[in-house]
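In what follows, a structure is listed as structure tokens, so that the remarks can point back to it.
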Protein chains: 2
Amino acid sequence: MGKQITEMLKGTLEGIVLAILSEQPAYGYEITAGLRGMGFADIAEGTVYALLVRIELKGLVDVEKHPSEKGPPRKVYSINAQGQAYLEEFWRTWGFLAGRLEHLRGEGN
Amino acid sequence: MGKQITEMLKGTLEGIVLAILSEQPAYGYEITAGLRGMGFADIAEGTVYALLVRIELKGLVDVEKHPSEKGPPRKVYSINAQGQAYLEEFWRTWGFLAGRLEHLRGEGN
DNA sequence: GCGTCTACTCTGTGATACTATGTACCAGTA
DNA sequence: TACTGGTACATAGTATCACAGAGTAGACGC
């Protein structure tokens, strides 16, 4: 995929993670694994953790510590009302952009 | 639209401009006006010029100077073979990302 | 003990869009 | 002449964000 996907993920990865969290709460390692499973093969772990810190600071998610059978305790993130609103805004923005691009692609065939 | 679109444009704006150029050659001012016309209302002029310099340095476009009836001469950009290849790669990457996101949006309804 | 998972954290770097400002050329107008 | 506004290009500085890379720490099997 090269470097294009890296830049394209800016701004969208946040929405992707929030969308995942809107289905069910999850912790960092789990989210990274999920992203890789859905095709984002070379997402860096550090990227996801940094993103989680960011959306926590923005107040879009709630955090709970759960003990783990393996390794250090997990920080489980769940989306809150503000995060839901942000996610809806994200879908609107995405819809706009995707619409423009599909239109361009259609013309260029 | 807020700040979300700003980050989302990273990585896509380059493809958008190349797609525009693949229809017909154009110059900076014209491209900016076109983008605004298609809904990207607050694209900054400086952003477009910087992007054009970048894709020129990458060798994705050819440049010709044309005198203008008004103001300084226009730098008319046209996409070349390398740019076409880059654009096709862009559409593949975009298609992948859009597919994942549509899937996520479908689940979250 | 030693290696190997799992899970989280942190620092620094590079790419990119934006802000703000400046340059230059021309037409119309008072 | 002087001023205004539209056209056209350019650039220095800033913020954001994904990535690379390295590290910390607990639990398990050998």
Side-chain angles (χ1 to χ4, degrees), chain A residues 1-18 25-36 40-58 60-61 63-77 90 93 97, chain B residues 1-18 25-37 40-58 60-61 63-77 86 90 93 97:
Chain A
M1 199 88 56
K3 270 184 271 179
Q4 293 190 338
I5 191 71
T6 291
E7 288 304 319
M8 242 184 251
L9 278 176
K10 292 190 179 176
T12 56
L13 189 55
E14 208 171 284
I16 292 171
V17 170
L18 282 173
Y27 55 97
Y29 194 82
E30 189 183 9
I31 293 170
T32 306
L35 287 170
R36 288 189 173 145
F40 299 104
D42 31 69
I43 287 278
E45 262 195 88
T47 298
V48 176
Y49 286 109
L51 190 154
L52 289 171
V53 168
R54 220 159 57 224
I55 61 179
E56 186 185 351
L57 286 177
K58 284 194 203 169
L60 307 178
V61 288
V63 188
E64 258 183 275
K65 284 229 174 192
H66 287 278
S68 161
E69 320 86 52
K70 301 189 167 190
R74 298 168 174 164
K75 283 176 77 176
V76 176
Y77 294 82
F90 169 80
T93 307
L97 183 62
Chain B
M1 200 87 58
K3 269 184 271 178
Q4 293 190 336
I5 191 71
T6 290
E7 288 305 319
M8 245 183 247
L9 278 176
K10 292 189 181 178
T12 55
L13 189 55
E14 208 171 285
I16 291 171
V17 169
L18 282 173
Y27 54 97
Y29 194 80
E30 190 184 9
I31 294 170
T32 307
L35 287 170
R36 289 186 173 148
F40 298 104
D42 33 67
I43 287 278
E45 261 195 89
T47 299
V48 176
Y49 286 110
L51 189 155
L52 288 172
V53 167
R54 220 158 57 224
I55 61 178
E56 186 184 351
L57 286 178
K58 284 193 203 168
L60 307 178
V61 288
V63 188
E64 260 183 273
K65 283 229 175 192
H66 288 277
S68 161
E69 319 87 50
K70 299 189 168 192
R74 297 165 173 166
K75 282 178 77 176
V76 175
Y77 294 82
Y86 187 92
F90 170 80
T93 308
L97 183 61

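The chains referred to below are lettered A, B, ... by the order of the sequence lines, with proteins before strands, and numbering in each begins at 1. Computed from heavy atoms alone, side chains included, the values below leave out hydrogens, waters and symmetry copies.
Here A:R74 does not pair with A:E30 in a salt bridge; the nearest charged N to carboxylate O distance is not below 4.0 Å.
Of the residues near DNA chain C, B:K58 and B:A44, the one whose nearest nucleotide (by heavy atom distance) lies more toward the 5' end is B:K58. If B:T12 and A:Y77 are placed on DNA chain C by their nearest nucleotide, the residue sitting closer to the 5' end is A:Y77.
Nearest to the side chain of B:P72, among C:dT6, C:dC25, D:dA18, sits C:dC25. For A:E14, the listed nucleotide lying nearest its side chain is D:dC17; candidates were D:dC9, D:dC17, C:dA17.
Within 4.0 Å (heavy atoms only), B:L52 reaches no atom of the nucleic acid at all. Across all strands shown, A:E30 has no heavy atoms under 4.0 Å from either base or sugar-phosphate atoms. If you check every strand for non-hydrogen atoms under 4.0 Å, A:G28 touches sugar and phosphate atoms only.
Contact annotation: B:T6 does not reach the phosphate of C:dA17 (side-chain N/O to OP1 or OP2, under 4.0 Å). For the pair A:K75 and C:dT9, the criterion of a side-chain N or O lying under 4.0 Å from OP1 or OP2 is met. Of the side-chain N and O atoms in A:Y29, none sit less than 4.0 angstrom from OP1 or OP2 of C:dC8. One finds a side-chain N or O of A:Y49 lying less than 4.0 angstrom from the OP1 or OP2 phosphate oxygen of C:dC8. Residue B:Y27 has a polar side-chain atom (N or O) positioned under 4.0 Å from OP1 or OP2 of D:dA8. Between A:R54 and D:dC17 there is a side-chain N or O to OP1 or OP2 distance below 4.0 Å.
Look at CD on A:E45: it is 13 Å from C1' on D:dC19, rounded to the nearest Å. Distance NZ (A:K65) to C1' (D:dG26): 13 Å, rounded to an integer number of Å. A:I31 places its CD1 atom 9 Å from the P atom of C:dC8, with the value rounded to the nearest Å. Atom-to-atom, CD of B:Q4 to P of C:dT16 comes out at 21 Å; the value is rounded to the nearest Å. For A:I43 and D:dG21, the CD1 to C1' distance is 16 Å, given to the nearest whole Å. The CG-C1' distance, from A:L57 to D:dT16, rounds to 14 Å in whole Å. A straight line from CG of B:L13 to P of C:dT16 spans 11 Å, rounded to a whole angstrom. Between B:K3 atom NZ and C:dT16 atom P there is a gap of 21 Å when expressed in whole angstrom units.
Between B:T12 atom OG1 and A:L97 atom CG the span is 5.0 Å, to the nearest 0.5 Å. Put simply, CZ on A:R36 and CD on A:E45 are 6.0 Å apart, with the number rounded to the nearest 0.5 Å. Separation of atoms OH (A:Y77) and CG (A:L18) is listed at 12.0 Å; rounding is to 0.5 Å.
Looking at A:K10, its side chain comes within 3.5 Å of the base of C:dA15 through a donor and an acceptor atom.
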Candidate pair B:F40 and B:I16, rule side chain to side chain contact (heavy atoms under 4.5 Å, CB included), full reasoning:
CA-CA 11 Å; B:F40 298 104; B:I16 291 171; 4.0 Å; yes

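In this structure, A:Y49 contributes its side chain and A:Y29 its backbone to a donor-acceptor pair below 3.5 Å.
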